[in-house]
Trainee: 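Quick one: the structure is below, and I'll ask about it shortly.
Only heavy atoms go into these numbers, but all of them, side chains included; no hydrogens, no water, no symmetry mates. We count ligands from 1, going down the list as the structure has it; atoms in each ligand are counted the same way. The residues of the chain are indexed from 1 along the displayed sequence.
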Amino acid sequence: MTQPALDFVIAALEKIRETNDHLPRASTTVLARLQCVSPLAVSLRGTPEPREGGPETSGFPKGRQLQPAAHGKAELLAPIRERVRTCTKCAHLACSRTQTVFGVGNPDADLMFIGEAPGVDEDKQGEPFVGRAGQLLTKILKAMNFAREDVYIANILKCRPDTVPGTFGNRVPTPKEMQTCRPYLVEQIEIIQPKVIVALGAVAVEGLLGMRGTMRELRGRWHAYNGIPLMITYHPAYLLRNQAPSEKRKVWEDMLQVLERLDQPISERQRNYFL
Ligand code: SF4
């Protein structure tokens, strides 16, 4: 397959993914050919589950999608970052933003954090979680023995939700805005393929899983996104508003579960934080 033809196929598949609830499917023969010709060096993880349509047909069941070779993840993210940078799907946000905020961290990370949207600081700096809530997230990471560079951090929305001029604070993204921007995050997750995802706050959960609920119901237990274990915990901004040690402990207990899931060693001191 020539490069222009390959580009055409990839563009068509991306279009299907952005506009359809179902992920694109391809036959095992096509996958084998793509493996031979694609510079993306894709490979399949696991054995495809049998699907309707005969033995030749291989769907991409959740959690078993095309896997990029680890060394190529940064390269695979680059064109998505570029599409985001020039995105105008939400015309009102494209006008009001200073810049888009794609994501930051290690493309090979085992752990990925997902928040809701850039705030004023993130919009200015072009990086997620750099304001006060972000600094608290960095502290939580440090307590987990991680640096920001060890994990990957992104938001559902890549543009700051606009606010009325002269008003203070950030606005919660609308369901429509999240639905419009979500395909970019889906692509990021598909490339990074973290072992664990942490969703920060109920808005991130709604944007990612389309599921509404109170944090009391959602947090502290395992969910899944496309077969990837997903922990839901409070957004750090909540901890800034509510500084009770009991709330900090709840978040920390969620992070202890994450560390256990990642087979990370946990010291006695770590276990006893905020007790
Ligand atoms: S929020 Fe997302 S979809 Fe909307 S304009 Fe920004 S990058 Fe594009």
Trainee: Partners of Thr163 by side-chain hydrogen bond (donor to acceptor under 3.5 Å, both in side chains), sequence neighbours excluded?
Mentor: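 Scan of Thr163 (side-chain hydrogen bond (donor to acceptor under 3.5 Å, both in side chains), adjacent residues dropped) gives none.
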Trainee: Taking salt bridge (charged side-chain N to carboxylate O under 4.0 Å, His left out) as the cut-off, I'd like each qualifying pair that reaches into residues 199-209, sequence neighbours left out, listed once.
Mentor: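 Counting only pairs at least two positions apart or across chains, the salt bridge (charged side-chain N to carboxylate O under 4.0 Å, His left out) contacts touching residues 199-209 are Glu206-Arg212.
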Trainee: Does Arg171 pair with Asp162 as a salt bridge, N-O distance under 4.0 Å?
Mentor: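 Salt bridge: yes.
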Trainee: Sort by chain and number the protein N/O/S atoms found under 2.8 Å from atom 2 (Fe) of ligand 1.
Mentor: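 Under 2.8 Å from atom 2 (Fe) of ligand 1 - ignoring waters, which are not counted - the protein N, O or S atoms are Cys181 SG.
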Trainee: Does a side-chain heavy-atom distance below 4.5 Å link Ile189 with Asn226?
Mentor: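 Side-chain contact under 4.5 Å: no.
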Trainee: Can you sort out the partners of Ser96 under side-chain hydrogen bond (donor to acceptor under 3.5 Å, both in side chains), two or more places apart, ordered by chain and number?
Mentor: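 For Ser96, no residue satisfies side-chain hydrogen bond (donor to acceptor under 3.5 Å, both in side chains) once neighbours in sequence are set aside.
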Trainee: Taking 4.0 angstrom as the limit, do Lys250 and Glu247 come out as a salt bridge?
Mentor: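 Looking at Glu247 together with Lys250, the answer is yes, because their closest N to O distance falls below 4.0 Å.
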